[in-house]
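Worksheet: the structure to be examined is printed underneath.
First the proteins, then the strands, lettered A, B, ... as listed; each starts at 1.
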Protein chains: 2
Amino acid sequence: MSTLPPAPRRVTAAMVAERAGTSIATVSLVVNGKARGRISDENAARVLAAVAELGYVVDGAASALARGTSDIVVLLAPDLPNPFFGRVIKGVQEELGSRYQLLLSAAASGAQPNATDVRRLSSLRPAGLLVSAPGPDFLDDLPTGTPLVLLDAPGLEARAAVVNYDLAPGVEELARHLAERGHRVIGYLDGATPAATYLLRRELLREAAARHGMTLLADPDVRSGPDLAEAAAATLAALPAWREAGATAIVAAADTLAHGVLAACAEAGLRVPEDVAVAGFDDLPASAVTAPSLTSVALPGDALGRAAAHRLLALIAPDEAAPEEAPGPLAATLTVRAST
Amino acid sequence: MSTLPPAPRRVTAAMVAERAGTSIATVSLVVNGKARGRISDENAARVLAAVAELGYVVDGAASALARGTSDIVVLLAPDLPNPFFGRVIKGVQEELGSRYQLLLSAAASGAQPNATDVRRLSSLRPAGLLVSAPGPDFLDDLPTGTPLVLLDAPGLEARAAVVNYDLAPGVEELARHLAERGHRVIGYLDGATPAATYLLRRELLREAAARHGMTLLADPDVRSGPDLAEAAAATLAALPAWREAGATAIVAAADTLAHGVLAACAEAGLRVPEDVAVAGFDDLPASAVTAPSLTSVALPGDALGRAAAHRLLALIAPDEAAPEEAPGPLAATLTVRAST
DNA sequence: CTGAAAGCGCTTACAG
DNA sequence: CTGAAAGCGCTTACAG
């Protein structure tokens with residue numbers, strides 16, 4: 001049996017204080033970096049030594065209770081395992097630094113982040129909350145009191161702190177690119193969740209297509225969750241109607257979906273790009289090695305994460321905020337590959 | 001400015017108690033489901049009503065402090081955004097149910113989970129800890145006291161609760177498959193981190209290759225992190241030596257790496273599988289649509305996650321543990337596709 | 001069945 | 001510069 005050794009007594013501030021010959025208050029001040037001009041150098045050194053010797057770590061629960069807030073930042077997202085999210089997480093971590101601890105939470109399976117998720121997470125008293133691609137009515141029932149930044153939530157700018165991509169340039173590039181290749185009708189595979197960003201991707205593409213004399217087939221909706229097999233099945237089901245409508249290109253709302261489109265085309269015996277062109281959104285790493293390599297509207301995940309974290313830090317501590325906003329450009333660009 | 005409305009006073013058990021006309025203790029008992037035979041049905045109902053009216057949620061920090069443990073289960077992993085991990089997370093969540101809240105934490109960028117990470121996370125007083133692919137000396141300096149299950153940590157079975165894949169069958173299948181295709185020398189692209197699972201993959205493959213009269217080129221090591229471009233670069237650098245040694249196949253320790261191998265082969269003008277065969281581990285969804293589609297040792301991520309969570313629940317509450325262990329088979333199998 | 005009270009381990013005015 | 005003490009919001013014996 002893999003029994004752990006008997007739990008050694010948790011080291012408390014009281015134990016550190018006793019060892020250092022100071023009060024608990026002094027320990028607290030020192031370990032929280034508030035000793036400046038309040039604690040003698042000698043006592044501070046004694047505390048630090050005792051901390052090191054005993055391996056003391058401030059109890060997060062007690063600290064959060066006393067201060068009213070922890071140093072946890074929670075990132076709530078609908079589709080954590082999506083490779084796209086890796087970049088976002090990295091960007092958030094880089095910007096957050098070591099003062100806050102980033103914890104990730106996946107929304108209830110397959111669903112979008114909602115107010116209930118936030119309520120549950122709020123009981124942890126997080127220092128801040130980052131929510132990616134929230135549902136449309138996310139803000140309506142939201143428990144407030146925790147600094148909150150939404151990512152990828154177009155349309156909610158007026159009601160919350162939001163960090164969005166500038167999708168327009170990339171979508172415009174994609175439309176122009178397809179028009180130049182002679183396409184006139186485009187099938188569209190949408191995401192299954194009603195995230196505002198999906199809505200926007202579709203509408204922007206519809207408009208851009210129209211500007212270039214093309215038609216986007218998005219009615220009736222063809223939708224799929226992020227699962228490749230599901231996307232492939234949805235595509236196979238839609239293919240006859242799309243072909244009949246004259247579609248020579250298929251755009252998917254995300255690369256994970258576009259991978260399913262590629263699989264479906266292979267299964268249907270359609271050559272890409274000769275019989276049908278395919279493109280996606282995100283520009284995932286794997287999209288460089290698909291058969292054929294995938295044209296995609298590249299979304300800079302790390303920049304999004306960094307901008308969101310920057311924004312959140314400003315909400316948490318308005319005074320300490322870095323002077324320059326400078327979150328870097330969040331403009332989408334088009335990566336052209338063999339699939340178009 | 002996206003100012004949030006003034007924070008409404010946090011609802012406390014005291015407020016619920018006052019509204020329900022009971023004591024705080026009664027509220028606690030009811031919301032924690034410990035009312036059975038201790039609280040009159042009437043009072044319980046009054047509490048529940050007050051809870052609903054006020055939207056009360058137990059304060060996690062205070063609860064954790066009082067009980068000594070929260071209901072958070074932390075999953076610590078080196079490479080959260082790896083699509084392979086999505087399945088694992090899903091499996092864990094399914095098995096964990098709604099009683100515990102799963103939070104994910106990425107190990108210090110690019111590194112493996114270590115004792116320091118655990119110490120930091122332990123201050124949250126998690127109910128349990130799940131650690132994926134820990135470093136080799138992970139257990140040496142580990143703060144104990146929290147139920148802990150390791151996933152994908154071969155070799156540590158004797159010293160901790162561990163849930164591992166049975167890699168041997170899949171590796172044997174891969175070796176036999178390659179031998180049947182006439183390969184005699186195999187290049188190996190290893191993972192950059194010294195995770196025990198990577199070590200094991202390589203050693204098992206080396207042994208299986210030998211059994212089938214093949215040689216695995218793993219000395220000197222060729223290694224790469226999970227980034228596709230990095231894996232491609234490592235492959236390009238190693239290719240001349242591999243080719244010179246007569247390698248006609250390349251196996252990568254993970255599909256994310258194998259995708260880089262595919263990219264490198266394309267860049268080097270090598271046809272897959274005619275000039276060189278390629279295979280990986282994990283069987284990621286995208287591996288079904290790569291150019292060419294990728295042969296891979298399939299690792300059932302959801303089964304791993306479910307087994308780990310099952311094991312952890314048993315450690316947290318040995319009495320409540322489900323009678324049947326039955327975590328499902330964790331045997332690796334080979335998915336053969338066009339790349340070999 | 002119920003509630004008063006101690007205690008979880010901190011942080012932060014406050015008094016010195 | 002320092003420490004005693006109140007308080008954060010729960011949970012849990014304990015006494016009734």
Quiz prompt | Closest listed nucleotide, where the reference is the side chain of B:Tyr56 and the choices are D:dC10, C:dT11, C:dC10 | solution = D:dC10
Quiz item: Can you check whether B:Ser28 has a side-chain N or O nearer than 4.0 Å to OP1 or OP2 of D:dT11?
Solution: yes
Exercise. Ignoring the backbone of B:Arg38, work out which of D:dG3, D:dC8, D:dC14 is nearest its side chain.
Key: D:dC14
Practice problem: For the pair A:Glu157 (side chain) and A:Gly155 (backbone), establish whether a donor and an acceptor sit closer than 3.5 Å, ignoring hydrogens and angles. | Solution: yes
Quiz item: Quick one: B:Asp59 CG to C:dC8 C1', roughly how many Å, whole number?
Solution: 13 Å
Quiz item: Can a salt bridge be assigned to the pair A:Asp302 and A:Arg87 using a cut-off of 4.0 Å between side-chain N and carboxylate O?
Solution: yes
Quiz item: So how far is it from B:Thr197 OG1 to B:Asn164 CG, rounded to the nearest 0.5 Å?
Solution: 7.5 Å
Quiz item: Who is the Watson-Crick or G-U wobble partner of C:dG16, with both distances under 3.5 Å?
Solution: D:dC1
Quiz item: Is there a donor-acceptor pair under 3.5 Å between the side chain of A:Ser70 and the backbone N or O of A:Arg125?
Solution: yes
Quiz prompt | Whole-Å gap separating C1' (D:dC1) and NZ (A:Lys34) | solution = 17 Å
Practice problem: Determine the contact category for B:Val58: base if any of its heavy atoms lies under 4.0 Å from a base atom, sugar-phosphate if only primed atoms, P, OP1 or OP2 are that close, otherwise nothing. | Solution: sugar-phosphate
Quiz prompt | Presence of A:Thr26 side-chain N/O under 4.0 Å of D:dG3 phosphate oxygens OP1/OP2 | solution = yes
Exercise. Round to the nearest Å and state the distance from B:Arg125 atom CZ to D:dT11 atom C1'.
Key: 13 Å
Exercise. Could you check which of C:dG9, C:dC8, D:dT12 has an atom nearest any side-chain atom of A:Ala66?
Key: C:dG9
Practice problem: For the side chain of A:Asn43, starting at C-beta, report the closest nucleotide among D:dG3, C:dT2, D:dT2. | Solution: D:dT2
Exercise. Check A:Val92 against A:Ala309 and note the closest heavy-atom contact, atom names and distance.
Key: O-CB, 3.9 Å
Quiz item: Looking at the side chain of A:Ala62, which of D:dA5, C:dC10, C:dG7 is the nearest nucleotide?
Solution: C:dC10
Exercise. Can you tell me the distance, in whole Å, between the CD1 atom of B:Ile24 and the P atom of C:dA6?
Key: 14 Å
Exercise. Using whole Å, report how far CG of B:Asp41 lies from C1' of C:dT2.
Key: 15 Å
Quiz item: For A:Ser40 and D:dC1, is the shortest distance between a side-chain N/O and OP1 or OP2 below 4.0 Å?
Solution: no
Self-check item: Spacing between B:Arg36 atom CZ and C:dT2 atom C1', to the nearest angstrom
Solution: 17 Å
Exercise. Describe the nucleic acid contact of B:Ala13 in one word from base, sugar-phosphate, nothing, applying a heavy-atom distance below 4.0 Å.
Key: sugar-phosphate
Self-check item: B:Asn43 side chain vs B:Ser40 backbone, donor-acceptor pair below 3.5 Å
Solution: no
Quiz item: Has A:Thr12 got a side-chain N or O lying under 4.0 Å from the OP1 or OP2 atom of C:dG9?
Solution: no
Quiz prompt | Spacing between B:Arg10 atom CZ and D:dC8 atom P, to the nearest angstrom | solution = 13 Å
Self-check item: Value in whole Å for how far the P atom of D:dT2 lies from CD1 of A:Ile39
Solution: 5 Å
Quiz item: Relative to the 5' end of DNA chain C, which residue comes earlier, B:Leu65 or B:Leu29, by the nucleotide with the nearest heavy atom?
Solution: B:Leu29
